[in-house]
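Structure first, commentary second.
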Amino acid sequence: MKDLGYNKPLFILAFDHRASFVKKMFGISGKPTAEQVKKIAESKKIIFEGFKKAVVLGIPKASAAVLVDE
């Protein structure tokens, strides 16, 4: 098997508000309203707070990452 070059633990939390997130999490098809955009943003804050809590609880900072859109 070919060595991939990175052999340390890596914890990545990926989330965004593109179509799949909006449709599957909120049941929104098409362009969200301003109120819906606010709810989506609030949910992202909750997800990020959970990520920060995971670091506090022991996920090594050097191995932790968040991948998110604007």
Side-chain angles (χ1 to χ4, degrees):
M1 179 179 219
K2 185 177 180 181
D3 185 7
L4 297 178
Y6 191 85
N7 61 0
K8 298 177 184 176
L10 185 60
F11 306 94
I12 300 175
L13 174 62
F15 62 99
D16 62 34
H17 73 267
R18 286 177 269 188
S20 61
F21 184 72
V22 171
K23 187 172 184 174
K24 291 179 182 177
M25 292 295 293
F26 298 94
I28 300 169
S29 295
K31 185 175 180 178
T33 65
E35 183 177 327
Q36 291 169 327
V37 168
K38 183 178 176 182
K39 287 182 181 181
I40 292 164
E42 289 169 357
S43 73
K44 287 182 173 189
K45 288 179 185 177
I46 292 168
I47 292 168
F48 185 64
E49 291 301 319
F51 172 80
K52 292 192 306 184
K53 183 72 171 190
V55 171
V56 168
L57 293 175
I59 298 295
K61 288 182 183 180
S63 300
V66 174
L67 175 63
V68 66
D69 61 358
E70 71 278 347

Do any side-chain atoms of residues 28-38 form donor-acceptor pairs under 3.5 angstrom with protein atoms, and if so which ones, sequence neighbours left out?
residue	atom	partner	partner atom	Å
Thr33	OG1	Gln36	N	3.1
Thr33	OG1	Gln36	OE1	3.3
Gln36	OE1	Thr33	N	2.7

Task: Glu49 vs Lys52, salt bridge (charged side-chain N to carboxylate O under 4.0 Å, His left out): CA-CA, chis, key distance, verdict - done: CA-CA 5 Å; Glu49 291 301 319; Lys52 292 192 306 184; 3.1 Å; yes
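Through chains of ILVMFWY side-chain contacts below 4.5 Å, Phe11 is grouped with Ile59.
Heavy atoms only, all atoms of each residue included: Phe51 and Ala64 are closest at CZ-CB, 3.6 Å.
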